[in-house]
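Notes to accompany the following structure.
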Amino acid sequence: TDPEIRFRRKISIDEQTECWRWTGAHYSNGYAIFCLGGKGVQGLAHRWSYEHFVGPIPNGWTIDHLCRVRDCVNPKHMEPVEFRENVLRGYGPSGNNARKTHCPRGHLLSGGYHHGPRNDWRRCRICNTEAARRYREKKRAA
């Protein structure tokens, strides 16, 4: 069978979002699987869709789902980007931190921030300097 016909049979269009939701197999992380000849086409249906309907994905680049729906295969909802850009656009700790403008105490996070003791928040220079001062005072008192 023609790959495009097989592909289209596994799509359900969401009228509100215009996402092409994949009704076929999925990986455990939510991404759609599309196989040709018994082998996954790069394993991912959204990559096949983009390459088939739009064109090649630059070497080493990934596809960013602009709609943030992992099983959407609508090529209009996709953009090829470098891996780092895709991570920073996402909602994991790296992406969330990249969008922060102020530390938890309200200080502006400018170019010279420091990472906090946990991986999911940042501490600004002011807070870092205050924490270092408190640490030194505590060591002197002990």
Side-chain angles (χ1 to χ4, degrees), residues 1-139 142:
T1 336
D2 177 24
E4 186 176 335
I5 293 170
R6 283 188 57 238
F7 181 84
R8 289 184 182 274
R9 285 185 192 148
K10 305 221 181 253
I11 295 171
S12 172
I13 298 175
D14 183 321
E15 300 293 328
Q16 289 181 325
T17 64
E18 296 181 8
C19 283
W20 297 1
R21 304 298 298 267
W22 189 252
T23 61
H26 291 75
Y27 287 108
S28 60
N29 62 8
Y31 288 101
I33 304 169
F34 183 55
C35 297
L36 288 176
K39 294 187 177 185
V41 178
Q42 305 211 355
L44 300 168
H46 65 277
R47 289 183 67 89
W48 186 91
S49 177
Y50 187 88
E51 289 182 333
H52 181 76
F53 294 110
V54 178
I57 300 165
N59 243 0
W61 286 35
T62 188
I63 292 292
D64 184 18
H65 283 87
L66 302 174
C67 60
R68 295 285 165 246
V69 178
R70 287 183 177 188
D71 71 349
C72 176
V73 294
N74 183 345
K76 291 180 181 175
H77 291 192
M78 300 176 208
E79 178 182 21
V81 294
E82 290 181 325
F83 181 77
R84 182 179 191 281
E85 178 67 21
N86 194 29
V87 169
L88 293 177
R89 288 180 178 183
Y91 294 106
S94 298
N96 289 337
N97 277 332
R99 287 185 290 279
K100 288 180 182 176
T101 58
H102 291 78
C103 80
R105 297 173 94 195
H107 303 125
L108 185 64
L109 287 172
S110 57
Y113 68 85
H114 296 276
H115 289 279
R118 295 188 341 235
N119 289 331
D120 60 343
W121 63 282
R122 300 186 300 184
R123 185 161 56 195
C124 69
R125 280 189 174 198
I126 296 168
C127 290
N128 197 55
T129 302
E130 289 174 5
R133 182 187 48 75
R134 285 192 305 273
Y135 176 78
R136 285 190 306 273
E137 288 173 1
K138 186 177 173 183
K139 289 289 273 187

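Just so you know, residue 1 is the first one in the sequence shown, and it goes up from there. From a predicted model like this one, the values you see are computed outputs, not experimental measurements.
Under the 3.5 Å distance criterion, the side-chain polar atoms of Asn74 are matched with a main-chain donor or acceptor of Glu18. Remark: side-chain polar atoms of Arg21 are not paired, donor with acceptor, to backbone N or O of Asp14 under 3.5 angstrom. Looking at His102, its side chain never comes within 3.5 Å of a backbone N or O of Lys100 through a donor-acceptor pair. Without hydrogens or angle criteria, Arg99 side chain to Leu88 main chain gives a donor-acceptor distance under 3.5 Å. With Ser49 contributing its side chain and Val73 its backbone, the two residues share a donor-acceptor pair below 3.5 Å.
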Please report the C-alpha distance between Glu4 and Phe53 in whole Å, then the side-chain angles of each, then the deciding distance to 0.1 Å, and finally whether the side chain to side chain contact (heavy atoms under 4.5 Å, CB included) criterion is met.
CA-CA 10 Å; Glu4 186 176 335; Phe53 294 110; 3.7 Å; yes
Mind running side chain to side chain contact (heavy atoms under 4.5 Å, CB included) on Arg89 and Val81 for me, showing each step along the way?
CA-CA 10 Å; Arg89 288 180 178 183; Val81 294; 3.6 Å; yes
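Sorted by first then second residue, the ring-ring contact (aromatic ring centres under 6.0 Å, His included) pairs that include residues 55-92, not counting sequence neighbours, are Tyr31-His65, His46-His65.
The shortest non-hydrogen separation linking Met78 to Cys72 is CE-O, 3.9 Å. When all heavy atoms of Thr101 and Leu108 are compared, the closest pair comes out as O-CD1, 3.3 Å. Here the closest heavy-atom approach between residue Ile11 and residue Thr23 is recorded as N-OG1, 4.0 Å. The two residues Phe34 and Pro3 make their nearest non-hydrogen contact at CZ-O, 3.6 Å.
Around atom CG of Asn59, no more than 12 heavy atoms belonging to other residues, nucleotides or ligands sit under 6.0 Å away. Heavy atoms from other residues, nucleotides or ligands lying under 6.0 Å from CZ of Arg133 number more than 12.
Contact check for Glu79 versus Glu85: no side-chain heavy atoms found under the 4.5 Å cut-off. Contact of the Lys76 side chain with the Leu66 side chain is not registered, since no non-hydrogen atoms from C-beta on lie closer than 4.5 Å.
Taking CZ from Arg136 and CZ from Arg134, the interatomic distance works out to 11.0 Å, rounded to the nearest 0.5 Å. How far CZ of Arg68 is from SG of Cys19: 11.5 Å, rounded to the nearest 0.5 Å. Taking CD of Glu82 as the start and OG1 of Thr62 as the end, the distance is 11.0 Å to the nearest 0.5 Å. Atom CD of residue Glu130 and atom SG of residue Cys124 lie 7.5 Å apart, to the nearest 0.5 angstrom. Going from atom CG of Asp71 over to atom NZ of Lys10 covers 13.5 Å, rounded to the nearest 0.5 Å.
Among residues two or more places apart in sequence or in another chain, the ring-ring contact (aromatic ring centres under 6.0 Å, His included) test is passed with His52 by Trp48.
Aromatic ring pairs are classed by plane angle as parallel below 30°, tilted from 30° to 60° and perpendicular above 60°; the pair Trp22 and Phe7 is tilted.
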